[in-house]
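In listed order, ligands and their atoms are each counted from 1.
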Amino acid sequence: MSRILIVEDEAHLANGLRFNLEAESHTVSVAADGEGALGLLLGKREEFDAVVLDVMLPGKDGFMVAAELREAKNFVPVLMLTARSRPEDVLKGFASGADDYLPKPFELPILMARLQGLLRRRDWMRQQAPSAGPASGSGNSSAAIADDGVFSFAGRSIDFGRLELRVKDTTIHLTEMEAGLLRHLVRNIGKVVSRKSILEEVWNLHEDTDTRAIDNFIVRLRRYIEEDPAKPEFLLTVRGIGYRFAPEAE
Ligand code: CA
(Lines give C-alpha, C1' and ligand atoms only; values in the text may rest on other atoms or scores of the structure.)
Protein backbone atom coordinates (compact mmCIF):
# COMPACT_ATOMS: atom_id res chain seq x y z
CA MET A 1 0.00 0.00 0.00
CA SER A 2 1.37 3.35 -1.03
CA ARG A 3 0.44 7.01 -0.85
CA ILE A 4 -0.17 8.38 -4.33
CA LEU A 5 -0.77 11.99 -5.37
CA ILE A 6 -2.74 12.56 -8.58
CA VAL A 7 -2.29 16.00 -10.14
CA GLU A 8 -5.00 16.47 -12.75
CA ASP A 9 -7.49 19.27 -13.37
CA GLU A 10 -10.01 17.13 -15.29
CA ALA A 11 -12.15 15.88 -12.44
CA HIS A 12 -13.55 12.81 -14.24
CA LEU A 13 -10.02 11.60 -15.04
CA ALA A 14 -8.75 12.29 -11.53
CA ASN A 15 -11.73 10.50 -9.99
CA GLY A 16 -11.37 7.50 -12.30
CA LEU A 17 -7.71 7.17 -11.35
CA ARG A 18 -8.45 7.60 -7.68
CA PHE A 19 -11.13 4.91 -7.82
CA ASN A 20 -8.81 2.42 -9.49
CA LEU A 21 -5.83 3.14 -7.26
CA GLU A 22 -7.96 2.89 -4.14
CA ALA A 23 -9.25 -0.46 -5.43
CA GLU A 24 -5.59 -1.57 -5.33
CA SER A 25 -5.58 -0.37 -1.70
CA HIS A 26 -3.44 2.69 -2.23
CA THR A 27 -4.13 5.90 -0.33
CA VAL A 28 -4.86 8.65 -2.83
CA SER A 29 -4.87 12.45 -2.75
CA VAL A 30 -5.84 14.68 -5.67
CA ALA A 31 -4.58 18.16 -6.54
CA ALA A 32 -6.34 20.05 -9.34
CA ASP A 33 -3.47 22.39 -10.20
CA GLY A 34 0.29 22.80 -9.95
CA GLU A 35 0.30 25.17 -7.00
CA GLY A 36 -1.90 22.82 -5.00
CA ALA A 37 0.37 19.90 -5.83
CA LEU A 38 3.51 21.75 -4.78
CA GLY A 39 1.79 22.82 -1.57
CA LEU A 40 1.07 19.19 -0.69
CA LEU A 41 4.45 17.85 -1.82
CA LEU A 42 6.67 20.53 -0.32
CA GLY A 43 4.51 21.31 2.70
CA LYS A 44 5.99 18.30 4.55
CA ARG A 45 2.64 17.48 6.13
CA GLU A 46 2.25 14.45 3.93
CA GLU A 47 4.76 12.10 2.43
CA PHE A 48 3.95 10.52 -0.95
CA ASP A 49 5.42 7.41 -2.55
CA ALA A 50 4.64 8.45 -6.12
CA VAL A 51 3.01 11.24 -8.13
CA VAL A 52 0.91 10.95 -11.29
CA LEU A 53 1.44 14.38 -12.85
CA ASP A 54 -0.52 15.70 -15.81
CA VAL A 55 1.37 18.13 -18.04
CA MET A 56 -1.65 20.23 -19.03
CA LEU A 57 -2.68 22.09 -15.89
CA PRO A 58 -4.01 25.58 -15.28
CA GLY A 59 -1.29 27.91 -13.98
CA LYS A 60 1.93 26.03 -13.42
CA ASP A 61 2.09 23.12 -15.85
CA GLY A 62 3.47 19.66 -15.12
CA PHE A 63 6.94 20.53 -16.41
CA MET A 64 7.19 23.45 -13.98
CA VAL A 65 5.89 21.35 -11.08
CA ALA A 66 8.45 18.60 -11.71
CA ALA A 67 11.26 21.12 -12.09
CA GLU A 68 10.33 22.91 -8.84
CA LEU A 69 10.10 19.61 -6.98
CA ARG A 70 13.60 18.57 -8.05
CA GLU A 71 14.89 22.06 -7.35
CA ALA A 72 13.58 21.66 -3.81
CA LYS A 73 15.44 18.32 -3.58
CA ASN A 74 12.25 16.30 -3.52
CA PHE A 75 12.87 13.10 -5.47
CA VAL A 76 9.50 11.41 -5.18
CA PRO A 77 8.93 9.22 -8.28
CA VAL A 78 6.96 11.13 -10.92
CA LEU A 79 4.93 9.53 -13.71
CA MET A 80 4.12 12.30 -16.17
CA LEU A 81 1.02 12.27 -18.37
CA THR A 82 1.76 14.00 -21.65
CA ALA A 83 -0.98 15.12 -24.02
CA ARG A 84 1.00 14.04 -27.04
CA SER A 85 3.96 11.76 -27.41
CA ARG A 86 5.89 14.42 -29.26
CA PRO A 87 9.56 13.64 -28.66
CA GLU A 88 10.28 17.21 -27.58
CA ASP A 89 7.57 16.97 -24.90
CA VAL A 90 8.98 13.71 -23.63
CA LEU A 91 12.47 15.17 -23.56
CA LYS A 92 11.18 18.24 -21.75
CA GLY A 93 9.46 15.97 -19.23
CA PHE A 94 12.62 14.04 -18.47
CA ALA A 95 14.68 17.22 -18.40
CA SER A 96 12.31 18.63 -15.80
CA GLY A 97 12.77 15.54 -13.63
CA ALA A 98 10.00 13.09 -14.51
CA ASP A 99 10.86 9.41 -13.99
CA ASP A 100 8.55 8.02 -16.62
CA TYR A 101 5.86 9.25 -18.97
CA LEU A 102 2.66 8.06 -20.55
CA PRO A 103 0.95 9.76 -23.51
CA LYS A 104 -2.76 10.50 -23.19
CA PRO A 105 -5.10 8.81 -23.80
CA PHE A 106 -3.63 5.87 -21.91
CA GLU A 107 -4.79 2.38 -21.09
CA LEU A 108 -5.42 2.04 -17.37
CA PRO A 109 -3.54 -1.29 -16.99
CA ILE A 110 -0.46 0.34 -18.52
CA LEU A 111 -0.64 3.25 -16.12
CA MET A 112 -0.97 0.81 -13.22
CA ALA A 113 2.03 -1.20 -14.48
CA ARG A 114 4.20 1.91 -14.83
CA LEU A 115 3.24 3.14 -11.41
CA GLN A 116 3.89 -0.27 -9.88
CA GLY A 117 7.30 -0.24 -11.54
CA LEU A 118 8.15 3.11 -9.94
CA LEU A 119 6.96 1.92 -6.51
CA ARG A 120 8.92 -1.34 -6.75
CA ARG A 121 12.10 0.47 -7.61
CA ARG A 122 11.58 2.84 -4.73
CA ASP A 123 11.24 -0.10 -2.34
CA TRP A 124 14.34 -1.71 -3.80
CA MET A 125 16.36 1.50 -3.47
CA ARG A 126 15.23 1.90 0.12
CA GLN A 127 16.32 -1.64 0.98
CA GLN A 128 19.67 -0.97 -0.64
CA ALA A 129 20.22 2.26 1.24
CA PRO A 130 23.19 1.92 3.57
CA SER A 131 22.19 1.85 7.21
CA ALA A 132 25.66 2.66 8.52
CA GLY A 133 28.13 5.26 7.31
CA PRO A 134 29.86 4.70 4.00
CA ALA A 135 32.41 1.87 4.08
CA SER A 136 35.66 2.86 2.44
CA GLY A 137 35.84 0.18 -0.22
CA SER A 138 39.23 -0.03 -1.88
CA GLY A 139 38.63 1.01 -5.44
CA ASN A 140 39.16 -1.99 -7.65
CA SER A 141 37.44 -1.70 -10.99
CA SER A 142 35.33 -4.87 -10.79
CA ALA A 143 31.81 -4.69 -12.11
CA ALA A 144 30.23 -5.42 -8.74
CA ILE A 145 28.36 -2.78 -6.85
CA ALA A 146 30.04 -2.62 -3.42
CA ASP A 147 28.21 -3.63 -0.24
CA ASP A 148 27.61 0.04 0.52
CA GLY A 149 25.74 0.37 -2.79
CA VAL A 150 28.44 2.43 -4.47
CA PHE A 151 29.94 1.81 -7.90
CA SER A 152 33.00 3.81 -8.91
CA PHE A 153 34.61 4.29 -12.30
CA ALA A 154 37.02 6.81 -13.85
CA GLY A 155 36.78 9.29 -10.98
CA ARG A 156 32.99 9.08 -10.83
CA SER A 157 30.89 7.25 -8.30
CA ILE A 158 27.27 6.20 -8.32
CA ASP A 159 25.70 5.82 -4.88
CA PHE A 160 22.62 3.67 -5.44
CA GLY A 161 21.52 3.93 -1.82
CA ARG A 162 21.50 7.71 -1.74
CA LEU A 163 20.55 8.17 -5.40
CA GLU A 164 23.59 10.32 -5.99
CA LEU A 165 26.16 10.53 -8.73
CA ARG A 166 29.43 12.19 -7.84
CA VAL A 167 31.56 13.56 -10.66
CA LYS A 168 34.69 15.38 -9.53
CA ASP A 169 33.39 17.68 -6.78
CA THR A 170 29.84 17.87 -8.09
CA THR A 171 27.01 15.78 -6.64
CA ILE A 172 24.06 15.10 -8.94
CA HIS A 173 20.81 13.76 -7.53
CA LEU A 174 19.41 10.86 -9.54
CA THR A 175 15.76 10.09 -10.05
CA GLU A 176 14.67 6.52 -9.35
CA MET A 177 14.49 5.87 -13.07
CA GLU A 178 17.98 7.20 -13.76
CA ALA A 179 19.40 5.09 -10.93
CA GLY A 180 17.49 2.03 -12.17
CA LEU A 181 18.89 2.41 -15.66
CA LEU A 182 22.43 2.97 -14.37
CA ARG A 183 22.13 -0.12 -12.19
CA HIS A 184 21.06 -2.20 -15.20
CA LEU A 185 24.01 -0.88 -17.22
CA VAL A 186 26.48 -1.52 -14.38
CA ARG A 187 25.22 -5.07 -13.91
CA ASN A 188 25.83 -5.71 -17.60
CA ILE A 189 29.09 -3.85 -17.77
CA GLY A 190 30.98 -4.29 -21.04
CA LYS A 191 28.04 -6.11 -22.63
CA VAL A 192 25.57 -4.88 -25.20
CA VAL A 193 22.29 -3.95 -23.52
CA SER A 194 19.30 -3.90 -25.87
CA ARG A 195 16.51 -1.35 -25.66
CA LYS A 196 14.16 -4.30 -25.18
CA SER A 197 16.04 -5.49 -22.10
CA ILE A 198 15.99 -1.95 -20.70
CA LEU A 199 12.21 -1.85 -21.21
CA GLU A 200 11.79 -5.17 -19.44
CA GLU A 201 14.36 -4.87 -16.66
CA VAL A 202 14.14 -1.18 -15.85
CA TRP A 203 10.62 -0.22 -16.92
CA ASN A 204 9.06 -3.64 -16.12
CA LEU A 205 7.24 -3.47 -19.41
CA HIS A 206 6.79 -6.33 -21.81
CA GLU A 207 4.56 -4.68 -24.35
CA ASP A 208 5.57 -2.48 -27.24
CA THR A 209 6.50 0.95 -26.04
CA ASP A 210 8.06 3.99 -27.57
CA THR A 211 11.79 3.34 -27.19
CA ARG A 212 12.67 7.01 -27.65
CA ALA A 213 12.15 7.41 -23.93
CA ILE A 214 15.20 5.23 -23.39
CA ASP A 215 17.30 7.25 -25.81
CA ASN A 216 16.30 10.40 -23.97
CA PHE A 217 17.45 8.88 -20.68
CA ILE A 218 20.79 7.94 -22.21
CA VAL A 219 21.23 11.52 -23.45
CA ARG A 220 20.62 12.68 -19.91
CA LEU A 221 23.00 10.17 -18.31
CA ARG A 222 25.68 11.15 -20.82
CA ARG A 223 25.31 14.76 -19.79
CA TYR A 224 26.05 13.64 -16.23
CA ILE A 225 28.97 11.28 -16.77
CA GLU A 226 30.67 12.14 -20.05
CA GLU A 227 33.34 14.81 -20.53
CA ASP A 228 31.81 15.51 -23.96
CA PRO A 229 28.27 14.05 -24.23
CA ALA A 230 28.48 14.27 -28.03
CA LYS A 231 31.54 11.99 -28.00
CA PRO A 232 30.76 9.44 -25.29
CA GLU A 233 33.66 7.45 -23.84
CA PHE A 234 31.70 5.38 -21.31
CA LEU A 235 28.12 5.02 -22.48
CA LEU A 236 28.41 3.86 -26.06
CA THR A 237 25.72 3.43 -28.72
CA VAL A 238 25.49 0.02 -30.38
CA ARG A 239 23.78 0.83 -33.65
CA GLY A 240 20.40 -0.81 -34.15
CA ILE A 241 20.46 -2.63 -30.79
CA GLY A 242 21.04 -0.45 -27.80
CA TYR A 243 23.94 0.57 -25.60
CA ARG A 244 27.13 -0.63 -23.96
CA PHE A 245 28.52 0.74 -20.71
CA ALA A 246 32.29 0.45 -21.02
CA PRO A 247 33.99 2.46 -18.29
CA GLU A 248 37.42 1.11 -19.18
CA ALA A 249 37.11 2.73 -22.55
CA GLU A 250 39.37 2.13 -25.52
CA1 CA B 1 -5.16 18.31 -17.53
Side-chain angles (χ1 to χ4, degrees), residues 1-119 121-122 175-178 203-205 207-217 220:
M1 184 183 68
S2 304
R3 290 198 54 87
I4 315 281
L5 176 64
I6 298 166
V7 190
E8 170 62 90
D9 57 315
E10 290 164 76
H12 69 283
L13 260 178
N15 290 335
L17 276 178
R18 179 208 285 270
F19 177 82
N20 282 283
L21 288 168
E22 284 177 350
E24 302 273 315
S25 64
H26 297 300
T27 305
V28 179
S29 301
V30 174
D33 58 31
E35 283 81 0
L38 286 168
L40 285 173
L41 286 160
L42 301 178
K44 305 282 176 216
R45 280 194 303 274
E46 288 181 88
E47 181 108 355
F48 293 96
D49 298 302
V51 180
V52 178
L53 176 61
D54 189 36
V55 164
M56 305 287 276
L57 296 168
K60 280 178 184 165
D61 66 14
F63 299 126
M64 294 166 82
V65 172
E68 279 192 37
L69 265 185
R70 301 321 188 202
E71 190 102 335
K73 308 258 180 276
N74 182 315
F75 294 96
V76 62
V78 170
L79 174 62
M80 193 172 266
L81 303 179
T82 59
R84 313 155 291 269
S85 56
R86 293 198 306 154
E88 56 267 39
D89 272 10
V90 173
L91 203 59
K92 201 173 166 191
F94 284 137
S96 65
D99 292 284
D100 200 359
Y101 82 100
L102 202 55
K104 276 177 158 181
F106 53 83
E107 303 278 344
L108 189 67
I110 296 195
L111 180 134
M112 301 299 270
R114 297 282 186 98
L115 198 54
Q116 220 52 60
L118 285 180
L119 292 169
R121 270 188 299 281
R122 189 173 174 81
T175 62
E176 309 275 342
M177 189 63 96
E178 291 169 336
W203 263 253
N204 290 307
L205 274 185
E207 55 259 62
D208 271 343
T209 310
D210 185 356
T211 54
R212 279 175 304 193
I214 293 167
D215 300 334
N216 293 341
F217 258 104
R220 209 161 134 191

With a 4.0 Å cut-off, would you call R18 and E8 a salt bridge?
no
Is a salt bridge present between D49 and R3, judged by a nitrogen-to-oxygen distance below 4.0 Å?
no
Minimum-distance N/O/S atom that D9 presents toward the Ca ion (ligand 1)
OD1
Nearest to the Ca ion (ligand 1), which N, O or S atom of E8 do we find?
OE2
Is a side-chain donor or acceptor of E178 paired with a backbone partner of T175 at a separation under 3.5 angstrom?
yes
Would you mind naming the N, O or S atom of D54 nearest to the Ca ion (ligand 1)?
OD2
One thing to verify: whether R70 and D99 come together as a salt bridge, which I'm taking to mean a side-chain N less than 4.0 angstrom from a carboxylate O.
yes
